[in-house]
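Values reported hereafter were calculated over all heavy atoms of this structure, with side chains retained and with hydrogens, waters and symmetry mates removed. None of these values were measured; they are calculated from a predicted model. Just so it is clear: chains get the letters A, B, ... in the order the sequence lines come, proteins before strands, and each one is counted from 1.
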Amino acid sequence: MPFIPHTLDDEKIMLETIGVDSIEDLFDEIPREIRAGELKQIPAGIGEMELMRKMNFRARKDEVALCFIGAGAYEHHIPAAVWELVSRGEFLTAYTPYQAEASQGTLQLIYEFQSMITQLTGMDVSNASVYDGASALAEAALMAVRANRKSKSRTILFAGSGNPYYRKVTQSIVRNQNIEIQDIPWNSETGTIDPGELQRWNDEDITAIVITSPNFFGGLERTDELTQWAHARGTLVIAVVNPISLALLKPPGQWGDSGADIAVGDGQPLGIPLASGGPYFGFMCCKQNIVRQMPGRIVGRTVDLEGREGFTLTLQAREQHIRRAKATSNICTNQGLLVSAATIYMSLLGANGINAVARSCHTRTRLLIDKLTAVKGAEPLFSGPVFHELVIKLSKPAGDVLDAMAEQKILGGFELRRCFPEMTDCILVNVTETKTDEDLNTFITSLKQALI
Amino acid sequence: MPFIPHTLDDEKIMLETIGVDSIEDLFDEIPREIRAGELKQIPAGIGEMELMRKMNFRARKDEVALCFIGAGAYEHHIPAAVWELVSRGEFLTAYTPYQAEASQGTLQLIYEFQSMITQLTGMDVSNASVYDGASALAEAALMAVRANRKSKSRTILFAGSGNPYYRKVTQSIVRNQNIEIQDIPWNSETGTIDPGELQRWNDEDITAIVITSPNFFGGLERTDELTQWAHARGTLVIAVVNPISLALLKPPGQWGDSGADIAVGDGQPLGIPLASGGPYFGFMCCKQNIVRQMPGRIVGRTVDLEGREGFTLTLQAREQHIRRAKATSNICTNQGLLVSAATIYMSLLGANGINAVARSCHTRTRLLIDKLTAVKGAEPLFSGPVFHELVIKLSKPAGDVLDAMAEQKILGGFELRRCFPEMTDCILVNVTETKTDEDLNTFITSLKQALI
Amino acid sequence: MLIYEKGSSGRNASAQIPTSSGASSAALVSIPAEYLRTDAPLLPEVSELQVVRHFTNLSRKNFSIDGEFYPLGSCTMKYNPRGAHKAASIPGFLNRHPLAPERHSQGFMQCLYDLQEYLKDLTGMQAVSLTPMAGAQGEFAGVAMIRAYHMERGDHERTEILIPIAAHGTNPATAVMCGYKVKEVGISDSGDVDLDDLKAAVGPATAGLMMTNPSTLGVFERQIKEIASTVHDAGGLLYYDGANLNAILGKVKPGDMGFDVLHMNLHKTFATPHGGGGPGSGPVGVSKRLEPYLPTPIVGRQIVAGKEEFRWLDDDDIPRTIGHLSAFMGNAGILLRAYAYASLLGKEGMQRVGEYATLNANYMARRLADAGFELAYPDRRAAHEFIVTLSEQTKKLGVTAMDFAKRLLDYGYHAPTTYFPLLVPECLLIEPTETETIDEIDGFVDAMKAILEEAETNPSLVTNAPTTMPVKRLDDVKAARELDLAWRPGE
Amino acid sequence: MLIYEKGSSGRNASAQIPTSSGASSAALVSIPAEYLRTDAPLLPEVSELQVVRHFTNLSRKNFSIDGEFYPLGSCTMKYNPRGAHKAASIPGFLNRHPLAPERHSQGFMQCLYDLQEYLKDLTGMQAVSLTPMAGAQGEFAGVAMIRAYHMERGDHERTEILIPIAAHGTNPATAVMCGYKVKEVGISDSGDVDLDDLKAAVGPATAGLMMTNPSTLGVFERQIKEIASTVHDAGGLLYYDGANLNAILGKVKPGDMGFDVLHMNLHKTFATPHGGGGPGSGPVGVSKRLEPYLPTPIVGRQIVAGKEEFRWLDDDDIPRTIGHLSAFMGNAGILLRAYAYASLLGKEGMQRVGEYATLNANYMARRLADAGFELAYPDRRAAHEFIVTLSEQTKKLGVTAMDFAKRLLDYGYHAPTTYFPLLVPECLLIEPTETETIDEIDGFVDAMKAILEEAETNPSLVTNAPTTMPVKRLDDVKAARELDLAWRPGE
Ligand SMILES: Cc1ncc(COP(=O)(O)O)c(C=O)c1O
Ligand SMILES: Cc1ncc(COP(=O)(O)O)c(C=O)c1O
């Protein structure tokens, strides 16, 4: 009986103590007619050895040689220490730190995380994570609606160059609360938003604006101007950012004169493996003045009875387990373990290290762009500065080119048609510090062949 | 500076405190003329990311699909929990438990190991490990010479069907102490020792006899008769055994009327990966009456000042750090971490589990033997019972056959010619619980092709 | 001490930092200065050993299943098999990009497909989507589907969700997130739903009812069929909060109880590690009428030229979906762990989970009752968990449930859930789970007895607890009043 | 509590046990009953969770580098990079059979070949064999080669090995294992070898001299050239015990000091984890005249058709070898870790090891001296380690070096090596290593100061230490007298 420790003797003693004849008797309050029959779809149990064999076989099927897909999840070097530490049973198998005295490890770690992520984003405060970057944006939209008491419209502008998957998720989540999302079109030459486009909303009540930079195409938005426009008219600014980029690029806390109001993003680049899409974690920071509208756990530093420093969950009156229907969100379990990984990653890399990673990503992306000039039938679609990702326009349908590259186990990029039906011959290509010169040459060679 | 935490400021403070101008000054007692020049063979340092890339590339080169080589190291299923626990920093990065109070974890674990391995072998006492099975045999030989005060000859009989590598290592180590090893020839039909062969030593002073069972060919020796012969004439019995087999086969503590005097072997099958040959560990058990001749660390249970149970290194007067030139051995560092893995393995499997593993190995070996009948040009060389390994005689040179199988990334077995020059057309094949029916079929198919 | 305070300017873990060769500042010229950051963020400046030592020591300040008995009611803190963790960590899975093409994803997708099938079987539902990333998101998906269903039928007057008062806080919070009002339903003394109250509450405004069964009171709702028909007759749908599925795994299927939609918490019932507060995974299952609304993507299977092929079913295939709930496909790694766990247990193992979880709970409840503790529902069978109320002790001895909880830490046991459900005063909600031995349970009972004796003879031992933890009780009021949510230099 | 005591008859971790389908007893018929075991060995009968919890908790009773500052002199307890551990744990390495054919071993063999080259460079020796499995086995190999050399030259009268009295116990034990008598050589007050004593001892019976430099007194032997020529002139060879190589890595090469043969402790200088008492690895390096005797196998390199190929050099290639020392090829996984470590550090990093190890030791020695502790060799530079003698405190206050050591545990620091070398009374041999920060060192010095104050004002605090460990001081006498070396039922 995998994982069940009961011996026949144990079972006997226990049944006697309870005063029943069989385990079956313990289910006698369940009406007979709804009792389950046999399970039909679940095979007999297997041992760990067979499991590993099966899983190794399946995992091997999915291996590729090189992956240039980014589009919201990025391959970075993850120091060995990160997951060795995170996998310690004390982190892995603990629960939400409800009993603070027996959970100071997790609590202090979250406090350290909050300290680090607010430094990266340049924001005042952070929560302990939400599910992922996309759901973080949805929560930010809901939060903005609560926080912006002056705005009545429940209308949110979404800079259309942002991640379309984030857009979709936000839509799924906020639509039940009568919130409307309107898109700001992007300039087809730069792949970014022209601040001038905003003029058309000049006379409207806009609750918040969502600005993603680097945007989905890797392009850098004119965040200062966009932020200024919003703040000038009482619109809250929600920033969607990539944490690695923030050691190099101006952080949302410094956008415009007074910074974004809420900053969210996916923490995956900070030491989390690609892992087919999760678990990652969404981070969520805001200005101090709206912290009580923030969803999710927050850890505070305090003292114990003897004045010793200690850490505890705080501002719990925002949360569902206290406030129930009036809570800021229904979120309960979040992504604690991934936050642990990110905290260890940030500790190991430090500001210089993350800056070096960002620079390396950038330099290697530039190198790819240089090498592209030698490829006939492939060129960057947009002008303007990018961070570690760019759109390449091909002389052939993107699907065919990517298929041809995939034959050689090279995932050459993301097929933009999947989100932008009109972009049939465009791919979105990501380059991080993990890609060597040789890798870039392999990409170029493979691309050339595919374009013939 | 990888792993060196000194900042320029730290360095300055430290140099000032010491009262020197530079680190270089700290080496001023080393005569100038012997100071080292630049290192020539060592390249510049690389980051962990590049390291992993390089090592992954090299490791991948060595991957095979299926391995049927045993010959002293055996592929078994290793429960995931084993190395997750062993890799905890507290086990991995501690040292020999010199400060008992701060090392109760390691000490209790070794005591538990000693308890378990003596149960498996049926012996009285155990040490905390020596380097590997082969060096354990060498230490056992030296120990037997010390322990057998009545014998003056320093002559040790080695049952020639034992592991030839163990024989070699023992020879390398004991020859400096004027110990002679004589071989008992094996019967070419059974691949085991005929007890009758011993008659020729009837009138000689033999210090000890080494009996390996299962022997190198997988064959089971007539350990009772061999032990009886030895004990009848004051010869000590050294048993070399495979720990997995001991849940199924008669353990050395039960050989003959009074059991072997010393039992050694390699602990690798108990949860240690093949890992190119090490680190494994040698286990070493003996009868209570000669425990003071045992080399290596031994842990005893005792009490602390308050009467609480505790564990400590004991009988240290045998060891080099106390007894120096008079020590039972020079061994100091042994194979602690591997002992930890084995202890966890034995705890997880239990007696029933190890018995089931042994049975599974045996059944699957029998299955292979059955399937062999369908292969022309390949048949078991020896009659007689075997445990999870057997010699197959081929109709072609073994080297060619194995090469052909290796082309398909199947390591078909061990080429016996490497140790027994006359056995040019024989391979030694091992089958454990890890080999599925499909694997056995693959082996058979590949062997058939190679024999065409 | 914070990791920040261990740092020193200029120190780093240089083996982890990409060499500058790849990061020439010439390339940065292509980014105009106005986009660049001018100050450096303050992050720790520490060596690799310092990081390892700091977090190793932090971890040692945690209770966890791997270290301690952790009978936290409603959280199902059971053994998280290391084999499942390892299986999900195979490089081929770990390095797979979520947007990799289907033909390079067949191994992963097959695992997910199998898991979908298993979950359908276990719950008796028609279809399953794996994307929700925790129980609460599963609830969201479920209620959003209920809403989509009513909306599509033009049934706009249904604005209320009914929720028994004992429900978990996520239930009402979810209903509100989905744009509903919450109407609470009472509980009778026996722990069952107050049927009269329900009948009074239900009506044309009822969009649905959310409940868990066994309830958070640790007892099985015996009138479930009647509740179901009451709600259904009024045109509402039934939502099953699957957090307590462990209790009945293989014994009774929510689908057979009449539920239209449910979520499961894989991080509970399927033993994926809780990670100090996540990640979780909260797949949803639905009956036929809600199938068109399932959140996407879902793994579909087809036979092409005699070969099994898996493909993503997305908005094109499920046009009425409530949509995506995550950027990619949910907490994929947790789904793999759950799949591994289900594979290890197999169908017999699954059935045993409910049996032994229930056996442990009833044994523990009986032993505590025999030791003089008051059970909230002494005449009921415990499901996988049960409630002890200490209001007697609080009144007589001035020792509260919280005091007991804290003192248990000193005895080496994690405290049960305290003060939930709110319905029962001074309560401890205790869930031993099936993976604990009789010895652990007996040890816990002995500790409770010892604490009770302390409470009677020397109550300050209990009210001052814990004393063996890294800190004593913390000042929560100060934490909330003088917010200190991030380290800043110069502190 | 022992894991045995947590068990219960019939309990097991069934996910780990092969299913019986593969183990029909019919097949066992082929093994006659006389070979079979009739009783079952007593092993624990526990669940998987019990195992995980037991060993997790046991581990928490250990000090370790990952958890604590661990300045154990002569043991070089420095950071063990996790990256090296991970690199050696890649499946291709972990699953490789030691007897796999060379063409399926090129990746592994290339790592070993590279490591051989690195070690030659670092030590200034002619050739290296990686097979010895720890320092002591390296010593064995070294002295066995010295013996083989003399024997082959017919130099049978050389029966003695000279060893300075401060040497590690493995040195004399090794000499005896190799059939030699040991002759001890004195040490002068300055910590150098007593040259007169050496000259008196050396002679036609001298097979060789074993020493480490810097010595176990923590100082560099300044007369090394003279010692070398004294021994060489007498026809003896010089053995270098490389346990202290960390002190001089990249600064001076033993080959240049005149040594003929040496071993290195990769588990010290190359930061492979000590594992609670191993595994280690003790490669040997030799000068030209000992090369023919190197233990086998060794990795050789050849260029075949323009391509690099690695192959095993074994007894056929090195016919005068002292032979094999392990069944296969030594502690392969440790060699991979050492190779990874060397790759991370590179040539500059290697050089810095000696520099910063020395800086830390001298800083710490100075600070302790300033705090009133007596250094054994106050006028000498500390190498990577140094000795404090507490004989003053022992006499005056009745507080011994052992008491200090135990009290340090209460302060969260692992004790230095105590009572070694035997030469210096009441000594602590302290080795901070290069991977520790100034803060750790200062913290340790502060603890030593605090303990000194305790010793003066309240000595029982120190003599009764430790008080914060899982046990107090243990009864070693009872342990040795009433031997209890294995659990037996009914206890
Ligand atoms: C009864 C109940 N419902 C819902 C939830 C929410 O699940 P999650 O924390 O995964 O969001 C929980 C979790 O504690 C629960 O106990
Ligand atoms: C000076 C010295 N020589 C030799 C050794 C023996 O090395 P090992 O323990 O690896 O056998 C040691 C180890 O402690 C040592 O410190």
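Of the atoms belonging to C/P466, it is side-chain heavy atoms, and not backbone ones, that fall under 4.5 Å from chain A. Both the backbone and the side chain of A/V357 come within less than 4.5 Å of a heavy atom in chain C. For A/S87, the parts lying near chain C are the backbone and the side chain together; criterion is any non-hydrogen pair under 4.5 Å. Both the backbone and the side chain of A/I69 come within contact range of chain C, with heavy atoms under 4.5 Å apart. Contact of C/L94 with chain A is made through backbone and side chain together, with heavy-atom distances under 4.5 Å. Contact annotation for A/L142: only side-chain heavy atoms (C-beta onward) come within less than 4.5 Å of a heavy atom of chain C. Neither the backbone nor the side chain of C/N265 comes within contact range of chain A, judged by heavy atoms closer than 4.5 Å. The parts of C/F55 that come within reach of chain A are both its backbone and its side chain, each placing non-hydrogen atoms under 4.5 angstrom from that chain. In this structure, the portion of C/E348 lying under 4.5 Å from any heavy atom of chain A is its side chain and not its backbone. Contact annotation for C/V51: both backbone and side-chain heavy atoms come within less than 4.5 Å of a heavy atom of chain A. No part of C/A175 comes within reach of chain A, as not one of its non-hydrogen atoms sits under 4.5 angstrom from that chain. No part of A/D266 comes within reach of chain C, as not one of its non-hydrogen atoms sits under 4.5 angstrom from that chain. Interface residue A/A81: only side-chain heavy atoms are found under 4.5 Å from chain C. Using a 4.5 Å cut-off between heavy atoms, A/L349 contacts chain C through both its backbone and its side chain. Residue A/I354 touches chain C through its side chain alone, counting heavy-atom pairs closer than 4.5 Å. C/Y70 touches chain A through its side chain: at least one heavy atom from C-beta onward sits under 4.5 Å away, while N, CA, C and O do not. In this structure, the portions of A/R35 lying under 4.5 Å from any heavy atom of chain C include both its backbone and its side chain. Residue A/E29 touches chain C through both its backbone and its side chain, counting heavy-atom pairs closer than 4.5 Å. Looking at C/M133, the atoms closer than 4.5 Å to chain A (heavy atoms on both sides) sit in the backbone and in the side chain alike. With a 4.5 angstrom heavy-atom cutoff, C/E436 touches chain A only via backbone atoms. Proximity to chain C is limited to the side chain of A/Y166, based on heavy atoms less than 4.5 angstrom apart. Interface residue C/R96: backbone and side-chain heavy atoms are both found under 4.5 Å from chain A. Only the side chain of A/F414 comes within contact range of chain C, with at least one heavy atom under 4.5 Å from a heavy atom of that chain. Heavy atoms closer than 4.5 Å to chain C are found in the side chain of A/Q254, but not in its backbone. For chain C, the nearby parts of A/S329 are the backbone and the side chain; heavy atoms of each come within less than 4.5 Å. For C/H168, the parts lying under 4.5 angstrom from a heavy atom of chain A are both the backbone and the side chain. For C/R352, the parts sitting under 4.5 Å from any heavy atom of chain A are the backbone and the side chain alike. Using a 4.5 Å cut-off between heavy atoms, C/L483 contacts chain A through its side chain alone, with no backbone atom that close.
Side-chain atoms of C/D475 and A/T302 include no donor-acceptor pair closer than 3.5 Å. Judged by distance alone, the side chains of A/Q99 and C/K406 do bring a donor and an acceptor atom under 3.5 Å apart. C/N80 and A/T93 form no side-chain donor-acceptor contact under 3.5 Å, judged by distance and modelled atom types alone. There is no side-chain donor-acceptor pair under 3.5 Å between C/E45 and A/N352.
A 4.5 Å side-chain heavy-atom check between A/F311 and C/K61 finds every atom pair outside the cut-off. You'll find the side chain of A/L249 reaches within 4.5 Å of the side chain of C/I31, heavy atoms only. Side-chain contact between C/D476 and A/T314 is absent, with no heavy atoms from C-beta onward closer than 4.5 Å. Annotation: side chain of C/T437 is not in contact with side chain of A/D10 (no heavy-atom distance under 4.5 Å). Within the 4.5 Å cutoff, the side chain of A/F3 has heavy atoms near those of the C/L344 side chain. Considering only heavy atoms from C-beta on, C/K120 stays 4.5 Å or farther from A/Q41 through its side chain. Counting only heavy atoms from C-beta outward, the side chains of C/P18 and A/H77 never approach each other to under 4.5 Å. Using a 4.5 Å heavy-atom threshold, the side chains of C/R37 and A/N355 count as separate.
Side-chain atoms of C/D121 come within 3.5 Å of backbone atoms of A/K40 as a donor-acceptor pair (strictly under, hydrogens ignored). A donor-acceptor contact shorter than 3.5 Å links the side chain of A/E112 to the backbone of C/I3. A donor-acceptor pair under 3.5 Å is absent between the side-chain atoms of A/D304 and the main chain of C/V471, judged by distance alone. Of the possible donor and acceptor atoms, one in the side chain of C/H97 sits under 3.5 Å from a partner among the backbone N and O of A/A73. Between the side chain of A/Y95 and the backbone N or O of C/I65, no donor-acceptor pair lies under 3.5 Å. Put simply, the side chain of C/R103 gets close to the backbone of A/D403: a donor and an acceptor are under 3.5 Å apart. Counting only distance, with no hydrogens or angles, the side chain of A/S172 and the backbone of C/L325 share no donor-acceptor pair below 3.5 Å.
Between chain A and the options C/G277, C/A173, C/G92, C/G346, heavy-atom pairs under 4.5 Å are most frequent for C/G277. Per-residue heavy-atom pair counts under 4.5 Å with chain A were compared for C/M177, C/M329, C/M77, C/K78, and the maximum is reached by C/M177. Counting heavy-atom pairs closer than 4.5 Å to chain A, the top-ranked of the candidates C/V182, C/N95, C/L336, C/N360 is C/N360. Most heavy-atom pairs under 4.5 Å with chain A: of the set C/Q137, C/Q106, C/M350, this distinction falls to C/Q137. Ranked by heavy-atom pairs under 4.5 Å with chain A, the list C/I248, C/V46, C/V176 is led by C/V176. Among the candidates C/A271, C/G280, C/G275, the residue making the largest number of heavy-atom pairs closer than 4.5 Å to chain A is C/G275.
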(request) List the steps, then state whether side-chain contact (heavy atoms from CB on, under 4.5 Å) holds for C/T358 with A/I23. (result) CA-CA 8 Å; C/T358 302; A/I23 291 181; 5.8 Å; no
(message) As a quick check of understanding, evaluate side-chain contact (heavy atoms from CB on, under 4.5 Å) for C/T417 and A/Y98, giving each step before the final call.
(response) CA-CA 9 Å; C/T417 299; A/Y98 289 128; over 6 Å; no
(message) If you apply the rule side-chain contact (heavy atoms from CB on, under 4.5 Å), what do you find for A/M52 with C/K86, and how did you get there?
(response) CA-CA 8 Å; A/M52 286 308 299; C/K86 185 173 180 187; 3.8 Å; yes
(message) For C/R488 and A/Q119: C-alpha separation, side-chain torsions, deciding distance, then whether side-chain contact (heavy atoms from CB on, under 4.5 Å) applies.
(response) CA-CA 9 Å; C/R488 291 293 175 256; A/Q119 281 293 331; 3.5 Å; yes
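Few gaps surround NZ on A/K409; more than 12 heavy atoms of other groups in view lie less than 6.0 Å from it.
Separating the CG atom in A/N56 from the CZ atom in C/F93 is a distance of 8.0 Å, to the nearest 0.5 Å. The CG atom of A/L26 sits 4.5 Å away from atom CG of C/N362, with the distance rounded to the nearest 0.5 Å.
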